[in-house]
Amino acid sequence: MYVHFDGYPDSKLPLLLAAYQHRFAGDVEAMARHLIDEVHHGWEELGTDLLDGFPAALRRSVTGGQEYPSRQLTNVYSTDRTPAERELITQDGTDDLDWAYVLHPRGCLRTTAVSHKGYGLVLEHACGVW
């Protein structure tokens, strides 16, 4: 799912890992429903509301004390001015991406750097452990 203001992996990976552990209590299906299935077009931004229920001191360590809400993209239209269709990001549609976060059913969140070297797609990853 597209996230417009996605920040950098060094800030979003801890946010997503903490959300998995606390808000979604390790339920990868619930997290996928919230972040992907229940979203109309994509996210403007993933916010600190993903940490609802997270202990205050740890929340501050993840967010640096900043608080901001998650916001979905709204009023999305195609170039012909018709309402846009929902579009999921797949490995075939990564031309404009610098990285992607991949949620795995086994409890692994992978940050994938996407680079195009003229000979195909190169994926580099680091797995966050929860």
Side-chain angles (χ1 to χ4, degrees):
M1 185 58 61
Y2 177 75
V3 180
H4 187 67
F5 296 112
D6 62 345
Y8 293 95
D10 63 342
S11 65
K12 291 303 176 190
L13 189 57
L15 176 75
L16 291 167
L17 291 172
Y20 172 79
Q21 291 172 332
H22 293 275
R23 179 171 178 170
F24 301 103
D27 185 345
V28 73
E29 294 296 323
M31 188 172 182
R33 272 192 309 277
H34 179 77
L35 294 175
I36 300 167
D37 299 340
E38 297 173 354
V39 178
H40 297 288
H41 293 288
W43 292 96
E44 186 77 25
E45 179 172 24
L46 296 175
T48 56
D49 56 301
L50 288 175
L51 302 179
D52 288 353
F54 200 64
L58 292 175
R59 183 181 179 116
R60 279 190 303 279
S61 72
V62 170
T63 67
Q66 297 180 4
E67 296 290 326
Y68 48 92
S70 295
R71 298 184 322 265
Q72 289 189 33
L73 292 169
T74 58
N75 299 319
V76 180
Y77 292 90
S78 299
T79 55
D80 65 0
R81 299 183 189 236
T82 59
E85 297 287 324
R86 177 184 159 131
E87 184 177 355
L88 292 177
I89 305 298
T90 67
Q91 66 185 20
D92 297 324
T94 59
D95 291 341
D96 297 327
L97 299 179
D98 293 322
W99 55 78
Y101 304 99
V102 181
L103 184 61
H104 289 276
R106 294 183 302 257
C108 177
L109 180 70
R110 187 171 70 194
T111 303
T112 304
V114 180
S115 58
H116 304 273
K117 306 277 188 189
Y119 52 82
L121 187 64
V122 176
L123 299 177
E124 304 162 5
H125 69 275
C127 190
V129 179
W130 31 60

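Please read these numbers as outputs of a predicted model, since none were measured by experiment.
The minimum heavy-atom distance linking P83 with S78 is given by the pair O-OG, 4.2 Å. For the pair H41 and A84, the tightest heavy-atom approach, listed with the atom from each and the gap, is CE1-O, 2.8 Å. When all heavy atoms of S61 and L58 are compared, the pair lying nearest together is OG-O, 2.7 Å.
Rounded to the nearest 0.5 Å, atoms CE (M31) and CD1 (I36) are 9.0 Å apart. Rounded to the nearest 0.5 angstrom, Y68 OH and L46 CG are separated by 8.5 Å. To the nearest 0.5 Å, atom OG1 of residue T74 and atom CD of residue E44 are 7.5 Å apart.
Tested against F54, the residues L51, L50, D52 include a single side-chain contact (heavy atoms from CB on, under 4.5 Å) partner, L51.
Relative ring orientation between H34 and F24 is described as tilted, the plane-to-plane angle lying within the 30° to 60° band.
Residues R59 and T48 form a side-chain contact, since some pair of their non-hydrogen atoms from C-beta on lies under 4.5 Å apart.
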